[in-house]
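Everything quoted here is computed from the prediction, not taken from an experiment.
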Amino acid sequence: NAPPALAFKGSELADASAAPTYPVISGRLGESINRPELRNSVSDFVDGVAIVFEDIQPQPTLKSMQDRLELMRRKDDFIDVLGRPSELIVIDGNADAVKSAVLLVVDPNLGYSDNANAWRDSVAQREWDLVRAALAQSSDQLSVQNFSPAIAENFRATAFAAVLLSLLLILIYIWVRFGSVRYSLAAIVALTHDVLAVIGLIALAEIIYDNPAFAGLTKLLMVEPFKIDLNLVAALLTIIGYSLNDTIIIMDRIRENRGKLSYASKAVINSAINETISRTVITSGTTILAIFILYVDGGPGVHAFSYALFCGVMVGTYSSVAVAAPMVWSRKKDLEHRRKEAEAIERSSGA
């Protein structure tokens with residue numbers, strides 16, 4: 001029952017520029033693919049790409065082609081093009097036996113008239129790769145892993161347990177290193193804050209993308225409806241490591257500055273932040289610059305990853321300073337020490 005590999009003109013070509021891919025430059029289909037007899041209205045796909053399938057063998061049904069293309073679009077390799085509007089039109093044959101067809105796809109954020117070179121790489125080439133993977137590959141390569149609810153629940157529970165175990169180990173490590181559970185809790189709270197903030201910004205990107213009022217802003221910022229996939233999970237884990245490293249550096253300076261004191265006073269924490277702020281800004285600044293270049297020119301494969309990482313580094317930088325460090329402050333002991341100092345000064349003055 002597995003669908004067979006389909007052969008059509010150009011299906012063996014890897015380069016989209018040599019394949020039957022055309023920019024949609026007119027509201028009439030035929031004017032874009034050099035077949036003027038085709039008068040189909042394609043005004044919704046102007047500035048998009050038209051991919052022509054000619055002499056398809058064996059002849060599939062229209063629904064089977066649509067299903068295979070949609071299935072491939074939902075796989076991890078092509079999840080970045082999932083939100084693009086598309087339509088498959090039969091130009092020779094019928095819905096039960098398609099001889100030739102045209103796939104129309106448009107990217108709302110990048111049109112042919114905006115930047116032809118970028119369009120060829122990010123739209124035409126990506127869609128051609130998807131078409132070849134969905135239609136011209138063997139059935140084994142088209143198979144998708146489907147899990148029962150019980151297996152999915154087991155995977156979810158395993159992942160949750162792994163995250164909890166990692167947080168527990170981080171807590172123990174910092175507790176042993178700094179000799180106080182206060183430091184461990186401060187680090188865990190900061191990490192949790194960073195992860196939740198980045199997930200919130202990912203959700204915000206989708207909300208903005210889906211709102212027509214922000215169409216200009218999403219195009220300017222290159223925002224897409226990012227989905228939580230393996231790339232974003234990898235980004236979140238990278239953010240956790242980056243933020244933890246930054247937090248530990250500040251905590252190390254707090255430990256050094258407190259000397260023989262058994263707690264961290266407000267003055268000690270403030271001094272530690274001031275002494276490490278230049279290092280924090282320089283490190284974060286150079287990292288953000290590199291991620292920004294990756295976000296702009298890295299291509300669709302790393303777009304979601306670089307977006308999450310960009311947000312995470314910014315959030316992690318301020319959380320190390322404004323969330324983790326203040327939580328190390330022992331307010332009760334600090335106020336008690338100040339009160340004793342004030343009493344001692346008062347007694348000495350009275351004497």
**Prompt:** Got a sec: does the CZ of R35 have more than 12 other heavy atoms crowding it under 6.0 Å?
**Reply:** yes
**Prompt:** Looking only at heavy atoms, what is the nearest atom pair of D96 and T61, with distance?
**Reply:** O-CG2, 3.5 Å
**Fill in**
Output for pair (D92 CG, Q59 CD), nearest 0.5 Å, gives 8.0 Å
**Prompt:** Out of curiosity, does F226 fall in the hydrophobic cluster containing V313 (side-chain heavy atoms, cut-off under 4.5 Å, transitive links)?
**Reply:** yes
**Request:** Give a yes or no answer on whether the side chain of D246 reaches the backbone of Y242 with a donor-acceptor pair at less than 3.5 Å.
**Result:** no
**Message:** Determine whether a donor-acceptor pair (N or O, by modelled atom type, separation under 3.5 Å) exists between the side chain of T317 and the backbone of S284.
**Reply:** no
**Asked** Just by modelled atom types, is the D107 backbone N or O under 3.5 Å from a matching donor or acceptor in the W119 side chain?
**Response** no
**Request:** Would you name the heavy atoms of V46 and V106 that are closest together and state the gap between them?
**Result:** O-CG2, 4.1 Å
**Request:** Indicate yes or no for a side-chain donor-acceptor contact from R255 to the backbone of R177 under 3.5 Å, with no hydrogens or angles considered.
**Result:** yes
**T247 side chain vs S320 backbone, donor-acceptor pair below 3.5 Å** = no
**Item:** Audit row: D114, K219, salt bridge (Lys or Arg N to Asp or Glu O under 4.0 Å) steps and yes/no
**Value:** CA-CA 11 Å; D114 297 329; K219 189 172 184 179; 3.0 Å; yes
**Fill in**
Rounded to the nearest 0.5 angstrom, the CG-CD1 distance for L165 and I170 is 10.0 Å
**Complete:** In terms of heavy-atom contacts, D80 and D77 come closest through OD1-O, 3.8 Å
**Item:** For R258 against Y183, the heavy-atom pair lying closest together
**Value:** NH1-OH, 2.9 Å
**Prompt:** OG/S11 to CD/Q57 distance, rounded to the nearest 0.5 angstrom?
**Reply:** 11.0 Å
**Asked** Less than 4.5 Å apart, any side-chain heavy atom of E31 and any of V24?
**Response** no
**Complete:** Looking only at heavy atoms, the pair that brings V105 and S86 closest together is CG2-CB, 3.9 Å
**Asked** Is the backbone of V302 close enough, under 3.5 Å, to the side chain of S306 for a donor and an acceptor to pair up by distance?
**Response** yes
**Prompt:** Which heavy-atom pair separates A264 from I254 by the least distance, and what is that distance?
**Reply:** CB-CG2, 3.8 Å
**Message:** Before you tell me yes or no, could you show the steps for D15 and R120 under salt bridge (Lys or Arg N to Asp or Glu O under 4.0 Å), namely the whole-Å CA-CA distance, both residues' side-chain angles and the distance that decides it to 0.1 Å?
**Reply:** CA-CA 10 Å; D15 187 357; R120 290 189 184 94; over 6 Å; no
**Request:** For T276 and I250, indicate whether the former's side chain and the latter's backbone hold a donor-acceptor pair under 3.5 Å.
**Result:** no
**Message:** Treating T218 as the side-chain partner and F214 as the backbone partner, does any N or O pair qualify as donor plus acceptor under 3.5 Å?
**Reply:** yes
**Test item: R39 side-chain N/O and G30 main-chain N/O as donor-acceptor pair under 3.5 Å** = no
**Request:** Taking the side chain as every heavy atom from C-beta outward, state whether W329 and V268 have any atom pair closer than 4.5 Å.
**Result:** no
**Message:** Please say yes or no: joined through hydrophobic side-chain contacts below 4.5 Å, possibly via intermediate residues, are V198 and L196 part of one cluster?
**Reply:** no
**Prompt:** What is the distance from atom CD1 of I174 to atom CE of M251, rounded to the nearest 0.5 Å?
**Reply:** 5.5 Å
**Item:** Partner of Y22 by side-chain contact (heavy atoms from CB on, under 4.5 Å), out of N34, V49, I51
**Value:** N34
**Asked** Is N109 reaching over with its side chain to a backbone N or O of M222, donor-acceptor style, under 3.5 angstrom?
**Response** no
**Item:** Plane angle bin for Y295 and Y307 - parallel if under 30°, tilted between 30 and 60°, otherwise perpendicular
**Value:** tilted
**Asked** Could you walk me through whether M314 and D194 pass the side chain to side chain contact (heavy atoms under 4.5 Å, CB included) check?
**Response** CA-CA 9 Å; M314 291 195 296; D194 297 343; over 6 Å; no
**Asked** Taking C-beta and beyond as the side chain, do L135 and M72 meet within less than 4.5 Å on heavy atoms?
**Response** no
**Prompt:** Under 4.5 Å between any side-chain heavy atoms of E87 and Q66, yes or no?
**Reply:** no
**L104 CG to D44 CG distance, which is reported to the nearest 0.5 Å** = 10.0 Å
